[in-house]
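Below is one structure; the comments refer to it alone.
Side chains are part of it too, since the values below use all heavy atoms of this structure and drop only hydrogens, waters and symmetry mates. Naming: A, B, ... by sequence-line order, numbering from 1 per chain.
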There are 2 protein chains.
Amino acid sequence: MADQALSPTADLDRTLAALADPTRRQIVHLLATGPRSAGALGQEFTLSAPAISRHLKVLRQIGLVSAVTDTQDNRVRVYQLQPQPLTELAQWLEQLQGEWQEQLQAFAEHVEAVSGARAQ
Amino acid sequence: MADQALSPTADLDRTLAALADPTRRQIVHLLATGPRSAGALGQEFTLSAPAISRHLKVLRQIGLVSAVTDTQDNRVRVYQLQPQPLTELAQWLEQLQGEWQEQLQAFAEHVEAVSGARAQ
DNA sequence: TTAATAATTAACTATATTGTTAATTAAATA
DNA sequence: TATTTAATTAACAATATAGTTAATTATTAA
């Protein structure tokens, strides 16, 4: 019974779910080019401000963005991308591809063994 | 207005949403070690057979698994992992990290320019 | 041919997500 | 001080997701 593991997977659950939303991925792309305020981000979309705000909250909760109050205007919150969740996702992908490779390797060796046996 | 793009992103939406479920990710890990029947996969979980069946359907719909009828027993469907959606995900991650790197590069150059100017 | 098995689909419930508008909080400006 | 402005939270509606048990389909085995 594998079921849900002990739960280092829970982070991945939330990171993947967060990134599954196209608006949030677009926000991430925008922030990849540099920090922006919530308002400036909102201007790039036809969504209401609360909608953007809640998308940003989701991204904050998984640690993919951080927010700091602007030093010039304390009403403004400036958002910035944080790499860690993306790193974890990349590592998971690499791990999975490693598992997959082992299987292909084993399969190749199996074929080799069979054709080798036949060749005798 | 960025909004949802033309929609090569729709594939990513569905791939990420599919992988956000821990049961489905576990299924993917199991299949990374080799093909298995729906029943054999189900034995690894404490979920009902219909639940597993629908998880497999989701994975089939995004092209992450394919199913073939067993040649020995036509009642059995054997599932196998397909790499393409994972490749697309990896490529998106790389693209994003590229965008991110440009920003860091630009920032580093900015710092260089400023400290260079100050050094004069 | 009847019963058992593998898998899926149907019907339903519970919960989560995403959007909206309205209200709230806090800071800047007239 | 009164009014904007930036952002968030509250309250609600619509839709999607994931689980269950029951029913269905197709194949194998008794």
*asked:* Measure CZ/A:Arg77 against C1'/C:dA27 and give the value in whole Å, please.
replied: 14 Å
*asked:* So, does B:Tyr79 get its side chain near the phosphate of C:dA6, meaning an N or O under 4.0 Å from OP1 or OP2?
replied: no
*Counting just side-chain N and O atoms, does B:His55 come under 4.0 Å of either OP1 or OP2 of D:dT17?*
no
*Whole Å only: how far is the CG atom of B:Asn74 from the C1' atom of D:dT27?*
7 Å
*With the side chain of A:Val76 defined as its heavy atoms from C-beta on, choose the nearest nucleotide among C:dT8, D:dA6, C:dG19.*
D:dA6
*Roughly how many Å is it from CD1 in A:Ile52 to P in D:dA6, rounded to a whole number?*
15 Å
*Tell me which of A:Thr71 and A:Ala17 sits closer to the 5' end of DNA chain C, going by the nucleotide each one is nearest to.*
A:Ala17
*asked:* Quick check on D:dA6: is either OP1 or OP2 less than 4.0 Å from any side-chain nitrogen or oxygen of A:Arg36?
replied: no
_Evaluate B:Asp70 against B:Arg75 for salt bridge (charged side-chain N to carboxylate O under 4.0 Å, His left out), listing each step before the verdict._
CA-CA 7 Å; B:Asp70 189 275; B:Arg75 289 172 303 182; over 6 Å; no
*asked:* Between P on C:dT17 and CG on A:Asp13, what's the gap in Å once rounded to a whole number?
replied: 11 Å
_Counting only side-chain heavy atoms from C-beta out, which of D:dT8, C:dA28, C:dG19 sits nearest to A:Arg75?_
C:dA28
_Reading DNA chain C from 5' onward, which residue's closest nucleotide shows up sooner: A:Ala49 or B:Lys57?_
B:Lys57
_Rounded to whole Å, please give me the gap between CG in B:Leu59 and P in D:dT17._
13 Å
_If you apply the rule side chain to side chain contact (heavy atoms under 4.5 Å, CB included), what do you find for B:Phe45 with B:Leu30, and how did you get there?_
CA-CA 11 Å; B:Phe45 300 89; B:Leu30 290 167; 3.8 Å; yes
*No-hydrogen, no-angle side-chain donor-acceptor test under 3.5 Å, A:Ser66 and A:Gln82*: yes
*Does C:dT20 have OP1 or OP2 sitting under 4.0 Å from an N or O in the side chain of A:Ser48?*
yes
*For the side chain of A:Asp73, counting heavy atoms from C-beta on, which of C:dG19, C:dA28, D:dT28 is nearest?*
C:dA28
_Nearest-0.5 Å distance, OG1 of residue B:Thr15 to CD of residue B:Gln84_ = 9.0 Å
*When you measure from the side chain of B:Asp21, which nucleotide among D:dT8, D:dA18, D:dT28 comes out closest?*
D:dA18
_Taking the minimum atom-to-atom distance to the side chain of A:Thr23, which one of D:dT20, C:dG19, C:dA7 wins?_
C:dG19
*How many Å lie between CZ on B:Arg24 and P on D:dA18, as a whole number?*
4 Å
_Nearest to the B:Arg54 side chain among C:dT18, D:dG19, D:dT21, which nucleotide is it?_
D:dG19
_Could you tell me how far apart B:Gln61 (CD) and D:dA18 (P) are, to the nearest whole angstrom?_
11 Å
*Does B:Ser53 reach the main-chain N or O of B:Ala49 with its side chain, forming a donor-acceptor pair under 3.5 Å?*
no
*Rounded distance (Å) that lies between atom P of D:dT5 and atom CD of A:Gln43*: 13 Å
